[in-house]
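Inspection log for the structure reproduced underneath, given as structure tokens.
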Amino acid sequence: MLLRRGGPGEVGAAAADLVAGALAAGARTLGLATGSSPQPLYRELARRVAAGELSFAGCSAYLLDEYVGLPDGHAQAYAQVIRRDLVDHVDLDPASVHGPDGSASDLDAEAERYEEAVVGAGVDLQVLGIGVNGHIGFNEPGSPLDATTRVVRLAEQTRRDNARFFGSLDAVPETVLTQGPATILRASRLVLVVSGARKAAALTAALTGPVTVDCPASVLQRHPDVVVIADDAAAAGLTPGR
Ligand code: GLP
């Protein structure tokens with residue numbers, strides 16, 4: 001595991017360097033996270049594409065997760081969020097951006113379909129954020145570390161954290177579809193982007209604590225190629241140079 005840390009402005013550029021390096025090395029299948037953590041990365045990718053320094057032509061992308069039950073086209077559905085945050089600003093074909101369908105009538109069948117699609121595609125580089133409670137994707141504390149894509153009930157902490165996107169706690173869906181820890185670990189390389197003091201405890205537990213369902217992100221310790229990019233506030237609990 002490699003830890004790169006720096007000021008808030010450096011996180012996006014450091015993560016973009018990894019994406020650019022992967023593309024140059026032939027990566028064509030990306031795993032994308034939503035939420036605020038990867039936004040500096042996505043802004044930097046958009047800048048590089050606009051400057052002609054980078055191209056996503058021929059690439060496809062797979063989302064980690066999706067809310068269940070939001071009306072079609074809802075602004076907070078992750079399919080819409082990733083369009084606004086990244087796809088609209090780069091040369092990634094929208095038809096090549098995939099996610100679980102949170103409006104499917106048979107959610108278990110949809111989870112199975114999506115798992116097969118992600119595994120079949122083979123993600124070269126997976127972008128990840130981490131929740132305050134140590135979740136990755138929407139794998140909440142207590143999630144079996146060998147779980148694959150499935151329906152999950154959100155922790156109250158996560159619903160409160162994400163209420164800022166919905167205007168009220170009541171509007172936040174209670175269930176989601178998410179890739180499982182085992183799905184995520186199949187990607188060739190994982191890039192975890194973490195910013196802010198609120199994430200410091202979760203990041204410290206994930207990287208230096210036991211591998212445990214209490215902190216699903218701790219499963220990253222089992223992957224041979226993880227790069228963690230954290231700003232100084234998020235990395236405050238980690239020993240420098242580790
Ligand atoms: C969200 C997403 C995750 C994300 C995490 C952290 O709810 N499901 O994929 O990494 O929780 O969110 P944020 O980056 O907004 O803090």
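Just follow the structure's listing: the first ligand is 1, and inside any ligand the first atom is 1. What's counted below: heavy atoms across the whole structure, side chains too, no hydrogens, waters or symmetry copies.
An N or O contact shorter than 3.5 Å is missing between F165 and ligand 1 by distance. Residue N162 has at least one N or O atom closer than 3.5 Å to an N or O atom of ligand 1.
Taking every non-hydrogen atom of I130 and a distance limit under 4.0 Å, the qualifying atoms of ligand 1 come out as 6 (C), 10 (O). For ligand 1 and G137, the ligand atoms under 4.0 Å from any heavy atom of the residue are 2 (C), 3 (C), 8 (N), 9 (O). Remark: ligand 1 atoms within the under-4.0 Å shell around heavy atoms of H135 are 1 (C), 5 (C), 7 (O), 11 (O). Residue R164 approaches ligand 1 through these ligand atoms, each under 4.0 Å from one of its heavy atoms: 15 (O). Heavy-atom contacts of G129 reach the following atoms of ligand 1: 10 (O) (cutoff under 4.0 Å). When each atom of ligand 1 is checked for a heavy atom of D65 under 4.0 Å away, the hits are 2 (C), 8 (N), 9 (O).
Looking only at heavy atoms of the protein, atom 14 (O) of ligand 1 is closest to S37 OG, 2.5 Å. Given atom 4 (C) of ligand 1, the protein heavy atom at minimum distance is T34 O, 3.8 Å. K199 NZ, 2.6 Å is the protein heavy atom nearest to atom 16 (O) of ligand 1. Atom 13 (P) of ligand 1 has S36 OG, 3.4 Å as its closest protein atom, hydrogens excluded (heavy atom only).
Contact annotation for Y78 and ligand 1: only side-chain heavy atoms (C-beta onward) come within less than 4.0 Å of the ligand.
Considering only heavy atoms from C-beta on, K199 comes within 4.5 Å of S37 through its side chain.
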Checklist entry - Is there a ring pair (Phe, Tyr, Trp, His ring centres under 6.0 Å) between F166 and Y67 once you walk through the steps? => result CA-CA 12 Å; F166 286 84; Y67 292 107; 5.2 Å; yes
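For R5 and D232, the salt-bridge test passes: some basic side-chain N is under 4.0 Å from an acidic carboxylate O. Salt bridge present: E53 and R47 bring a charged side-chain N and a carboxylate O closer than 4.0 Å.
In this structure, R113 places its CZ atom where more than 12 heavy-atom neighbours from other residues, nucleotides or ligands lie under 6.0 Å away.
When all heavy atoms of R164 and S36 are compared, the pair lying nearest together is NH2-OG, 3.1 Å.
Each of E140, E174, R160, H135 was evaluated against L154; a single residue qualifies, E140, per the side chain to side chain contact (heavy atoms under 4.5 Å, CB included) test.
The closest approach between E66 and ligand 1 stays at or above 4.0 Å for every heavy atom of the residue. Residue-ligand proximity: R198 is placed with every non-hydrogen atom at 4.0 Å or more from ligand 1. Every heavy atom of Q39 sits 4.0 Å or more from the atoms of ligand 1.
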Give every donor-acceptor pair under 3.5 Å between a side-chain atom in residues 8-21 and any protein atom, sequence neighbours left out.
from, atom 1, to, atom 2, distance (Å)
E10, OE1, G7, N, 2.4
D17, OD1, R48, NH1, 3.0
D17, OD1, R48, NH2, 2.8

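Residues passing the side-chain contact (heavy atoms from CB on, under 4.5 Å) test with D101, sequence neighbours excluded: S103, A104, E110.
Here L30 contributes atom CG and Y62 contributes atom OH; the two are 11.0 Å apart, rounded to the nearest 0.5 Å.
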